[in-house]
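Lettering of chains follows the sequences in order, A, B, ..., and the numbering in each one begins at 1. What you see below is based on every heavy atom in this structure, not just the backbone, and it leaves out hydrogens, waters and symmetry mates.
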Amino acid sequence: MFQVPRGTRDFIPGEMQKRRYLEQSMAATFTSFGYGEIRTPTFENLELFAAKSGESIINELYAFTDKGGRKLALRPELTAPVIRCYVERLQMEPKPLKLFYFGNCYRYDRPQKGRYREFQQAGCEIIGADTSEATAELLALAFTLLKNTGLKNIQLQIGNLTLISAILKKLHLLEDDQKRLLPFIDKAQFDDAKSILRDCNVKENDAERFISILQTSDTNEIRRFIADDTQAVKELDAMQTILSLLSNAFHISEYEIKLSIVRGLDYYKGLVFEIDAPILGAEKQLCGGGSYELVSIFGGSQVPTSGFAIGFDRTILALEEEGFTFPPLKLDVFIIPVNQDMVTTAIQIAQNLRSHGLSVDFEQLRRGIGRSLKYADAKHVERVIIVGPKELEKNTVTIRNMKTGNQETVGIAEIYAKLTTPDM
RNA sequence: GCCCGAAUAGUGUAGCCUGGUAACAUAUGGGACUGUGGAUCCUCUGUGCCGGGUUCAAAUCCCGGUUCGGGCCCCA
C-alpha cells in the first residue's frame, strides 16, 4: 500500500474546512489592515536561500537539479521569495508596500507534532516604513490576526537586537564568544550563559547585572544600563514609543519585553518579536518576526523592511487544543424523491435553490425515506425536502427541519422563501 | 542527526506479559419495513505496518526497516 511521504499529510474535507476557515479569517484581518495578497512560486533558485541564510542551510532544504541543470529548491519560508519579487518587480510601487501571503513550505526536518516537512505559513512584509507607528501596527496585526482566529491564550514577546548588542558591547566580549553566548540566551539558559561569561573573564558582578537585564521588563533598568550609548538610547526611545502606541492606541497590553529573544539570523535588525501558544508544549512558537535587511542583499536599493510569519498548522493545532469549535461543513438542504417519478422535480428544485446560493444535494441512491433521512442526518443537513406524489398533485412538497422535527407542506414556488424564514 | 515509546477492520479498542482458529463496538454497503423507520432487526465486506529470524506453531518472542508520537539538535 502507498502512503504519504514522511512528514506530509492529506487534508480530508473535515480538515480542509478548518484550514479554509483559518485562511479566510486571516485574509480578512490582513485585508482590514490594508495588506494585499501576493503569491510566489513553490520553488526558487537555490542561490536565493543560500544568499539569505548561508550555505549551511542547504542541508535542510529540499534541493534538486532540474533537467536544464538549474539548481533549485522548494521554498523553506516565504520572506526571501517575497523580497525577491519586490526587488524584481515592485520597487517603484508607492510606499509603504504591504504584502501578505499563504503558502506551502518545505524543510528537511525530523517531523513531530506541529512540525512537518511540508507545512503552511501565513505572513506579511511591510516595505518602506520603519516609523514607530508602522512597527507598532505590525505587532498589533500579528497579535490581532491570531486573536481573530479565536485563539484565547497567546503570549507576545518583544525583544530588540540593537539593544542586546549594545548591552553585549558593555561586556567587551570577543566576537566568537558572543556567538557562543547567543544561543544560550535565546533559549533562556542563563546558568549556562553565566558560565560562558565566567570563562571569558567577565566580572561576576557585570555578569549578574547582564543576566538580570535580559530578564527584566523594566525599561528604566535597561535605560540605566545603556545610558552612555546614544544610539542605543535612541533605539530604546523608539521602542518605548512603539510600546506606548501598542497599549494606548491599539489597546493591546498583553505583551512582555524579553530582550533574550535573539532569533536565528544576522539579517534581523532592531525590533524582533515572537508569539507563543503555551498549550502546544515543545513546538509552541506560532509567530516570529521583526525588522530585517534583505533588500540590499538581493540587489535592491536600501529600504526598511519588517514582517512576520505564522505557522498555519500550529495555529490549527492550538485552536484544537483550546477546544475551539470550527464552523462545520454542512449542506443547507437535502431533497428526497419518494419514488423514481419524483426525480425530475427533485432535481429542478435542487437547481433552483442552488441558483439562490444554497448548498443542495439530493438522494441519488434510490434509498427509502428512512435511509435517506439517516444519510441527511449523518451529513448534518439542516432541512430536508420530501417530494412525493401526494403533495405533488397539489404542486407542493414537504419541508422538514431536522433539528426541530417540524414539518410543513409548502407550494413549490414558495420553497426558497420558506427556507429563508427563521422558523424553517 | 540523537534518545525514548507506539503501530491490530474506515474509526475506537481487546488479546501480547504466559506463542496454539483474531475479537468487540461503531461506521460504510445490501436487505426487511411500499411516505418520516433520523428507529429497530437481519446481513455482506473489511483487520495483525513491512521484511527477516526463533519455533511443530508468531498479532504475541528476537533483529532490521518504515511511519507516527514524546524529548533533544535545529528552527530561516
Worksheet item: When the P atoms of B/rA23 and B/rA32 are considered, how many whole Å apart are they?
Response: 29 Å

Worksheet item: Whole Å only: how far is the CD1 atom of A/Ile385 from the P atom of B/rU36?
Response: 19 Å

Worksheet item: In whole Å, what separates the P atom of B/rU47 from that of B/rA22?
Response: 12 Å

Discussion item. Just the rounded figure in Å: distance from C1' of B/rA76 to OH of A/Tyr106.
Written reply: 17 Å

Discussion item. Between B/rA59 and B/rU18, how far apart are the two C1' atoms, rounded to whole Å?
Written reply: 15 Å

Discussion item. I want to know whether A/Tyr375 and A/Phe334 have ring centres closer than 6.0 Å.
Written reply: yes

Item to complete: Return yes when atom CD of A/Gln231 has more than 12 non-hydrogen atoms of other residues, nucleotides or ligands closer than 6.0 Å, and no otherwise.
Response: no

Discussion item. In whole Å, I'd like the distance from the CG atom of A/Asp109 to the P atom of B/rA76.
Written reply: 11 Å

Discussion item. Using atom C1' in both nucleotides, what's the gap between B/rC50 and B/rU66 to the nearest angstrom?
Written reply: 7 Å

Practice prompt. Tell which nucleotide pairs with B/rG20, taking only Watson-Crick or G-U wobble pairs whose two distances are both under 3.5 angstrom.
Written response: B/rC56

Response to the item:
Ranking B/rC74, B/rC75, B/rG35 by distance to the side chain of A/Arg107, first place goes to B/rC75

Worksheet, complete the sentence: Regarding the side chain of A/Arg400, the nearest nucleotide among B/rG38, B/rC75, B/rC74 is B/rG38

Worksheet item: Strictly by modelled atom types, are A/Glu125 and A/Thr79 linked by a side-chain donor-acceptor pair under 3.5 Å?
Response: yes

Discussion item. Output the rounded distance in Å from CD1 (A/Ile336) to P (B/rU34).
Written reply: 17 Å

Worksheet item: Using a cut-off of 4.0 Å on non-hydrogen atoms, how would the nucleic acid contact of A/Ile386 be classed: base, sugar-phosphate, or nothing?
Response: base

Response to the item:
Per atom distances to the A/Ile369 side chain, the nearest of B/rG1, B/rU36, B/rC73 is B/rU36

Discussion item. Tell me if the side-chain of A/Arg110 makes a donor-acceptor pair with the base of B/rC68, cut-off 3.5 Å, by modelled atom types.
Written reply: no

Worksheet item: Is there a donor on the side chain of A/Arg367 or the base of B/rG31 sitting less than 3.5 Å from an acceptor on the other?
Response: no

Item to complete: Map A/Tyr375 and A/Thr398 onto RNA chain B by nearest heavy atom, then report which one ends up closer to the 5' terminus.
Response: A/Tyr375

Discussion item. Using atom P in both nucleotides, what's the gap between B/rC16 and B/rG1 to the nearest angstrom?
Written reply: 36 Å

Item to complete: Answer with base, sugar-phosphate or nothing: what part of the nucleic acid does A/Gln285 contact at a heavy-atom distance below 4.0 Å?
Response: nothing

Worksheet item: Which nucleotide in the set B/rC75, B/rG69, B/rG35 lies at the smallest distance from any side-chain heavy atom of A/Lys113?
Response: B/rG69

Practice prompt. Check the distance between B/rG38's P and A/Asn406's CG and give it to me in whole angstrom.
Written response: 15 Å

Discussion item. I want to check one thing: is the phosphate of B/rU67, taken as OP1 and OP2, less than 4.0 Å away from some side-chain N or O of A/Arg6?
Written reply: yes

Worksheet, complete the sentence: Rounded to whole Å, CG of A/Asp377 lies from P of B/rU36 at a distance of 17 Å

Item to complete: Determine the contact category for A/Glu391: base if any of its heavy atoms lies under 4.0 Å from a base atom, sugar-phosphate if only primed atoms, P, OP1 or OP2 are that close, otherwise nothing.
Response: base

Worksheet item: Under 6.0 Å between ring centres, would you say that holds for A/Tyr62 and A/Tyr108?
Response: yes

Discussion item. Check for me whether A/Arg39 meets the cation-pi criterion with A/Tyr101, that is, NZ or CZ under 6.0 Å from the six-membered ring centre and within 45 degrees of the ring axis.
Written reply: no

Worksheet item: Across all strands, who's sitting opposite B/rA76 as a Watson-Crick or G-U wobble pair, both distances under 3.5 Å?
Response: none

Worksheet item: Reckon A/Gly311 touches a base, only the sugar-phosphate, or nothing at all at heavy-atom distances under 4.0 Å?
Response: nothing

Fill in: A/Phe250/A/Tyr255 aromatic ring centres below 6.0 Å
no

Fill in: Of A/Gly405 and A/Val387, the one whose closest RNA chain B nucleotide lies more 5'
A/Val387

Worksheet item: Mind checking the P distance from B/rU21 to B/rG53? Whole angstroms is fine.
Response: 23 Å

Worksheet, complete the sentence: Which of B/rA76, B/rG69, B/rG30 is nearest the side chain of A/Arg371? It is B/rG30

Worksheet entry | Shortest side-chain distance from A/Gln407, nucleotide among B/rU36, B/rA76, B/rG38 | B/rU36

Worksheet item: Quick one: does A/Lys95's side chain have a donor or acceptor within less than 3.5 Å of a partner on A/Glu93's backbone?
Response: yes

Practice prompt. Can you tell me, in whole Å, how much space there is between the C1' of B/rA27 and that of B/rU45?
Written response: 13 Å

Worksheet item: Going by modelled atom types, is there a donor-acceptor pair between the base of B/rU66 and the side chain of A/Gln3 at under 3.5 Å?
Response: no

Fill in: Distance, rounded to the nearest Å, where A/Glu118 contributes CD and B/rC68 contributes P
13 Å

Worksheet item: Where does the angle between the aromatic ring planes of A/Phe30 and A/Tyr35 fall among parallel (under 30°), tilted (30 to 60°) and perpendicular (over 60°)?
Response: tilted

Practice prompt. Could you work out the separation of B/rA6 and B/rC49 based on their P atoms and round it to a whole Å?
Written response: 13 Å

Practice prompt. Identify the nucleotide, in any strand shown, that forms a Watson-Crick or G-U wobble pair with B/rA7, with both distances under 3.5 Å; if there is none, say none.
Written response: B/rU66

Worksheet entry | A/Leu280 CG - B/rG69 C1' separation (whole Å) | 15 Å

